[in-house]
Amino acid sequence: MKRIITSLFTLIVAFTMILGLTSCKSEEEKLVDQPSESYIIECLQKVPCIIEIEAVTEDNDPIGQLNKPGGYTALVYFSYELVDQEEVYGDDLIDKGTDAGGCIEVYTTEKDANKRNEYLAAFDGGVLTSGSHTVVGTIVVRTSDELTATQQKLLESNIIAALQGQDDKIVAPKTNSNNNDSNDDSNNDDDPPAQPSGNTKEDGVNDAEKFANEFATEYPNDYLTPNYITEYLRDVLGYSETIAVYATENCNISWATHAKKYAQVYLTYEEEFGRPASWWNPSDIEDMLLEDGFSYDTIDATMATIDWTAQSKKYVKHLSEFYDTFNRLDARGYLEDIAANEAGVNYLLENSGVNWKQHALNMANELWTEYSSQGYYEDKTVEFILTDIREELSSIWEYTQAEIDYAIQNITIDRCRHTNLQTLSAVAATCTATGLTEGKKCKDCGETIIEQSTIPASHTEVVDEAVSATCENTGLSEGSHCSKCGEIIVAQQVLSIVNHSFNSGYCRYCECEEYTTGLVFTEITGGYAVTGYNGTAYSIKIPSVYKDKAVVYIDDSAFKGKSSITSVAMGDNITSMGTKVFSNCTSLTSIKLSENLSAIGDYAFEGCSKLSSVSVPNSVEKIGNYAFSGCTKLSKVVFGTGLKTIGKYSFSNCSALEYGNSYTKFTIPDTVERIEKGAFNNCTTLSNKGMLYIPSSVTYIECGAFTGFELNDIGFSDGTGWYYYKSETATGTSVDMRYTSNSYTYLSKTYSGYLIKK
């Protein structure tokens, strides 16, 4: 344990020495107060090996604190030659951040700068560390974590020197160009040589001595170490390992003086190096000095100047306060290396200021706990165990008789061993009554050993599962009740019926076919009828099934005058419809009729002025009177193969209706038997559009079926056997409808206003 702590503190000390300059800010450094952005850029341009410089704006600020309260007033990034820029992630300098080289952050006050520095310090040593950082006045100087500690320190000191106008203190680092560019003939006296002039140890010593003496003079409060000087000569100034070591060992620096400074820091400063000053012992100090590069002779001389007797007293005193069960035997082991003999050890033990009586009592209590719980001591008396404790305190832990007597007299024990125990039975809690846990008490003294705890009364709660509401049934929220007494704990709430939720044409609740909200359904014989519509949708879908029954009928005037409706699709279970069902739906443009519809009702689509086409299913046998009358944009009609009767005025005033070879908009199928009065009256677009053929199945054409327009040709598949009648009651006159010339004008000019039939 002691060696682990020592190693840890050694690393801390070494790191502290490398970064020593950060803890010794001069008054000049504190004068760097709110420098301008342009001044910072000008200073950075003086620092060797800084390549690129860029100040952030509010638009590209990566941290987002520019000019905000407590934030920085300027942020300038720079790249550094000793960082491999190809290994740094980012598209530009701002994106690469401090990894490329470092940055300067400027704050309004020193307090804000120190607060920022403390935040950065929280990440030091972890995976998120971003390099070195130090406060100078109101600025924070940061360097890249890609640099070594020595490189960071040199870059940092160069930047501070430039900001303070001390250009003579800027030192160029060792770079590849220093080592390898044989064509560089420049002679800069400010740059240190890669090797001492003449390549002799004497030259190296002279250069190193000059540097070390100047360094020690400039920073008199720094605690220099041989390792620090050697590393600086080697890693920063570029001397070889041999010359750097030789120069360190032979320069004018008094390492004995610095070794004493180190030792006094360890032994004096309570908070220095992460451990109390009283913890240091001779082995620790020797190890620390040795690891910092001091020679054995220097270490021996330093150790001889320390009052180890006083330090040992503090050491043992601190350990006694730190550990409750610290004992004389352990203390003796710590002091044997210091005292010259047994008498000396005893003297230190007695004069270290430790309350050994209290530690003897602490040890006695520990032993009592241990011994009284061991199985082979269960049948022993209290006096027997106390005798064993006395013996151990004396023979093993080396306490004095007075200390042992004090411990035995004040030991915290129960004179009753509590070996005769009674079990206190548990009592189960009920819905309304509390219960008890199992307990134990001593039958001999009556003391409660394991106290019974109260178990609160509680119901045995059972969840009453929720029932989802549907479009047909209400639901229930989740509730609960007691399974033992039946009491309702959380009452279930009734959930209202929800609207249909259609998916792929069917409701996910009731699985009914999708239909338009607002349709009014009325139950009739055989299923349901649609009797009205009070919704707002433009497109109407009438289902085949409603509440598990077929929708078979659309009632009279169900959608009459609904001028906002644009399209209608009927379910295929609809077999019939009343009159004026869609009359005057002036915005209706398309209609899909049921494939099982037997007839189109009278006035069904009268006045639907925007309806442009209609396909009559094969199931329809009759088109009712005035069914499409006034549909002025109806140009295409496809008749089904089951049609027998075209009713009175069914297509009257359909002025856009077309037919013929070039305008094949509709043809009369060969199943039609009757074309009633005025069926195509005033269908003016039929004029001069070619031949309209009357199939042989037609046997009855009522008067006026094709009046109100100039009819050019009407051709008959079978022109024989026809009679025309001037009135319903008149006697018919035979007429031959076969074409015997090219005029084909019999019906249009001679018989169009008459009733003709076979």
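Because the structure is predicted, anything quoted here is derived from the model rather than measured.
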task: Would you tell me whether Asn682 and Asn653 have side-chain atoms, one donor and one acceptor, within less than 3.5 Å of each other?
output: yes
message: Quick check on Lys726: does its NZ atom have over 12 non-hydrogen neighbours (other residues, nucleotides or ligands) under 6.0 Å away?
response: no
Within 6.0 Å of NZ in Lys592, more than 12 heavy atoms from elsewhere: yes
Restricting to non-hydrogen atoms, name the atom on [X] and the atom on [Y] that form the minimum distance, rounded to 0.1 Å.
X: Ser619; Y: Ser594; result: OG-O, 4.0 Å
X: Phe559; Y: Cys585; result: O-SG, 3.1 Å
X: Ala627; Y: Ile600; result: CB-CG2, 4.0 Å
X: Pro695; Y: Asp670; result: CB-CA, 3.7 Å
X: Val83; Y: Asp99; result: CG1-O, 3.5 Å
X: Thr454; Y: Thr434; result: CG2-CB, 3.9 Å

Drop me the distance from [X]'s [atom1] to [Y]'s [atom2], to the nearest 0.5 angstrom.
X: Lys648; Y: Ile623; atom1: NZ; atom2: CD1; result: 16.0 Å
X: Ile540; Y: Met570; atom1: CD1; atom2: CE; result: 11.5 Å
X: Thr517; Y: Asn534; atom1: OG1; atom2: CG; result: 10.0 Å
X: Trp722; Y: Ile756; atom1: CH2; atom2: CD1; result: 5.0 Å
X: Ser590; Y: Ile565; atom1: OG; atom2: CD1; result: 11.5 Å
X: Lys96; Y: Ser79; atom1: NZ; atom2: OG; result: 7.5 Å

Verify, without hydrogens or angle tests, whether [X] (side chain) and [Y] (backbone) share a donor-acceptor contact under 3.5 angstrom.
X: Ser697; Y: Glu673; result: no
X: Ser635; Y: Ala656; result: no
X: Thr671; Y: Leu643; result: yes
X: Gln34; Y: Thr108; result: yes
X: Asn596; Y: Asp572; result: yes
X: Glu146; Y: Gly131; result: no
X: Glu702; Y: Leu755; result: no
X: Glu606; Y: Gly630; result: no

message: For Glu523, give me all partners under salt bridge (charged side-chain N to carboxylate O under 4.0 Å, His left out), at least two apart in sequence or on another chain.
response: Lys549
SB check Lys622 Asp602 (cutoff 4.0 Å): no
Criterion side-chain contact (heavy atoms from CB on, under 4.5 Å) on Ile524 and Val552, from CA distance to verdict: CA-CA 9 Å; Ile524 61 175; Val552 297; 3.9 Å; yes
- request: Report the residue from Asn60, Asp61, Asp59 that forms a side-chain hydrogen bond (donor to acceptor under 3.5 Å, both in side chains) with Thr57.
  value: Asn60
task: Decide yes or no on side chain to side chain donor-acceptor pair (under 3.5 Å) for Asn573 and Tyr528, but give the supporting numbers first.
output: CA-CA 10 Å; Asn573 284 336; Tyr528 278 93; over 6 Å; no
With sequence neighbours excluded, residues passing ring-ring contact (aromatic ring centres under 6.0 Å, His included) with [X]:
X: Phe78; answer: none
X: Tyr724; answer: Tyr751, Tyr754
X: Tyr119; answer: Phe123

- line: Tested for ring pair (Phe, Tyr, Trp, His ring centres under 6.0 Å) against Phe651, the lone hit among Phe706, Phe605, Phe628 is Phe628
message: With side-chain contact (heavy atoms from CB on, under 4.5 Å) as the criterion, how do Leu611 and Phe582 come out once you've worked through the C-alpha distance, each side chain's angles and the decisive distance to 0.1 Å?
response: CA-CA 11 Å; Leu611 185 65; Phe582 295 99; over 6 Å; no
- request: Would you sort out whether Ile675 and Ile668 count as a side-chain contact (heavy atoms from CB on, under 4.5 Å), showing the intermediate values?
  value: CA-CA 10 Å; Ile675 302 175; Ile668 299 174; 3.9 Å; yes
message: Checking side chain to side chain contact (heavy atoms under 4.5 Å, CB included) between Glu105 and each of Gln65, Arg116, His133, which is the one that passes?
response: Arg116
cation_pi(Lys757, Tyr700) dist<6.0 Å, angle<=45: no
- request: Could you list all the side chain to side chain donor-acceptor pair (under 3.5 Å) pairs where at least one residue sits in residues 624-633, not counting sequence neighbours?
  value: Ser629-Ser652
Pairs involving residues 551-568, ordered by first then second residue, that meet side chain to side chain donor-acceptor pair (under 3.5 Å) (sequence neighbours left out): Ser539-Ser567
With the side chain counted from C-beta on, respond yes when [X] and [Y] share a heavy-atom pair under 4.5 Å apart, and no when they do not.
X: Val672; Y: Phe639; value: no
X: Tyr107; Y: Ile139; value: no
X: Tyr546; Y: Leu519; value: no
X: Cys103; Y: Tyr72; value: no

